[in-house]
Amino acid sequence: MLEIGVIRGERERVIEGLKKKRVSEDQILLVDKIVAKDDERKSNQTQLDALLSEMNNLSKEIGDLFKNGQASQANELKNRVADLKEVSKVLESQAKQISEELENMLITLPNLPHSSVPNGSKAEDNEIFKQWNGPLDDIDQEALPHWELAEKYQIFSLADGVKLTGAGFPVYKGKGAKLQRALISYFLDEATDAGFLEILPPHMVNESSARATGQLPDKEGQMYHVTKDDLYLIPTAEVPITNLYRDTIIQLSDFPVKMTGYTPCFRREAGSYGADVKGLNRVHQFDKVEIVVLEHPDKSYETLMQMVEHVTKLVEALGLPYRILRLCGGDMSFGSALTFDFEVYSKAQKRWLEVSSVSNFETFQSNRMMLRFKDENGKNRLAHTLNGSALALARIVATILENFQTKDGVIIPDVLRKYTGFDKLN
RNA sequence: GGAAGAAUGGCAGAGUGGUUGAAUGCACCGGUCUUGAAAACCGGCGAACGUGAGAGCGUUUCUGGGGUUCGAAUCCCUAUUCUUCCGCCA
């Protein structure tokens, strides 16, 4: 959620940023409506505060009068307070309504893009930030897509998942299951070696948590909702891990707060269909190791680049062709100020698959969740939150299978062998 | 799932209707002392919002929501969580 102070103080920059994010004309108009509503809120509170103050004073007087035995005067004042109370009730209900209206407007505005974000509205407008220079086409024409390899070597089964749960819930088996476990361990070890504290969080969160990181209300339809207990299955570990610091004030010396965690991720992916969803390309449950950082506003972009470096090291170590995109304004997620997407190239499918998204949310999440720090002057300020996948498994598995296939099996990347215990999947 | 009890500031812990944002201790910050540190002593120390150039002032806040009262941390209702006992259970 954008800070009201920014909207009030930097109207032009806000509007320019929203345009870059490609919001509708109606939403641009919201900027002025929000300021007007906030004015209303302020004047309402000023009135209410004065009234409550008067009531408090009168109540004290009444207490004194009773002590001094002046009951009749006390009763007179009681009547006056009763009248004031009527007025205060009206003002209070107005205050409640005004702040609800304000909140409802604020929550529909996306974060402002960083100045380095390219203009554009669609995937083609994304800027290629970095691309490896190895060959993309050095594989046999007979190369199989991963779903066929899966069948050949009994790595995973989507059909079994349908039987157990439904479409999009893969069941990994044998060396396929072991590979999953190896990747998770490898990614976690790399993250903890880089100074991230490992967290194993709950896989379900309550409404407050989902709201704080921005999944609610905008992405309600993307999460599985356990209605009986009103809990949500997490779409990413970002949600529980960042929420660890909801409603907290951290010390300057705590920066940067670096955390990592493995969790399965559950996504309904409502509305997606077609060739994209074949095999492991898009599933409802996948495993992911996430990195989350809470950082001082002055340092967050430096930290973002370090996170990009970290993820780069992972894809390079696995030997996968990759490229890094700096997302354009229109393709970025709602809450992000700057996002780098990592894509790996699948030689058998001949297409790029997104495997990581590393973003700086600046104060967008911390404003919602009141995640603050005490600055040099002892003032409480909103911290910056950042997160990224390091890395999402399903598509990495798909690409490893496809790119490293040979006539007699899939060669396991060196870095994984100490975790898998085998060097060929067949 | 059943029964009983509890929920107060970063933590511990007083407070059962009237200057209580809340004693006290710890932690934390500033100072005195010290070659330095510790100890001791002195002072400060929650948060949000409003208002003001600022000092400040006002309002709200004692788990959440609702109620009683002129006035609630304190009384009532309700939700949640925790503790103990019972039941079930990896």
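Proteins come first, then strands; the chains are lettered A, B, ... in the order of their sequence lines, and each starts at number 1.
One can place NZ of K374(A) at 10 Å from P of G10(B), the figure rounded to the nearest angstrom. One can place CG of D247(A) at 15 Å from C1' of G9(B), the figure rounded to the nearest angstrom. Whole-Å rounding puts the D49(A) CG to G52(B) P distance at 13 Å. One atom, CG of D254(A), and another, P of G10(B), lie 15 Å apart when rounded to the nearest Å. In this structure, the CG atom of L58(A) is 9 Å from the C1' atom of C70(B), given to the nearest Å. Here A48(B) presents its C1' atom at 15 Å from CG of L48(A), a figure rounded to the nearest Å. In this structure, N44(A) places its CG atom 16 Å from P of C49(B), rounding to the nearest Å. Distance CZ (R381(A)) to C1' (A48(B)): 18 Å, rounded to an integer number of Å.
Considering only side-chain N and O atoms, N56(A) lies under 4.0 angstrom from the phosphate OP1 or OP2 of U60(B). Residue K379(A) has no polar side-chain atom (N or O) positioned under 4.0 Å from OP1 or OP2 of A47(B). Side-chain nitrogen and oxygen atoms of T46(A) include none within less than 4.0 Å of the OP1 or OP2 phosphate oxygen of G50(B). The shortest distance between the side-chain N/O atoms of R372(A) and the OP1/OP2 oxygens of A48(B) is below 4.0 Å.
Looking at the side chain of S59(A), the nearest of the listed nucleotides A48(B), G58(B), G18(B) is G18(B).
Closest of all the heavy-atom pairs between N44(A) and L91(A) is ND2-O, 3.5 Å. The two residues S357(A) and D341(A) have their closest heavy-atom pair at OG-OD1, 2.8 Å. Across V311(A) and S389(A), no two heavy atoms sit closer than the pair CG2-O, 3.5 Å. Contact between L144(A) and K152(A) at its shortest, heavy atoms only, is CD1-CD, 4.2 Å.
Aromatic ring pairs are classed by plane angle as parallel below 30°, tilted from 30° to 60° and perpendicular above 60°; the pair H284(A) and Y224(A) is perpendicular. Ring pair H296(A)/F255(A) is perpendicular by interplanar angle, where above 60° counts as perpendicular and below 30° as parallel.
RNA chain B is contacted by both N57(A) and S43(A); S43(A) maps to the nucleotide lying nearer its 5′ end (nearest heavy atom per residue). Both L52(A) and M55(A) lie close to RNA chain B; mapped to their nearest nucleotides by heavy-atom distance, the more 5′-ward contact belongs to L52(A).
Using a 4.0 Å heavy-atom cutoff across all strands shown, K60(A) reaches no nucleic acid atom at all.
Straight-line distance between the C1' atoms of U68(B) and C49(B): roughly 28 Å, to the nearest whole Å. The same atom, P, is picked in G9(B) and in U61(B); the two are 15 Å apart, to the nearest Å. Separating the C1' atom of C26(B) from that of A39(B) is a span of 16 Å, rounded to the nearest Å. Comparing the P positions of C75(B) and U8(B) gives a spacing of 15 Å, expressed to the nearest Å.
Nucleotide C82(B) is matched to G5(B) when pairs are restricted to Watson-Crick or G-U wobble geometry with both distances under 3.5 angstrom.
Shown for residues 75-99 of chain A: residues whose heavy atoms fall under 4.0 angstrom of RNA chain B, namely K78(A), V81(A), K85(A).
No option in T363(A), L294(A), L371(A) other than T363(A) meets the side chain to side chain contact (heavy atoms under 4.5 Å, CB included) test with H384(A).
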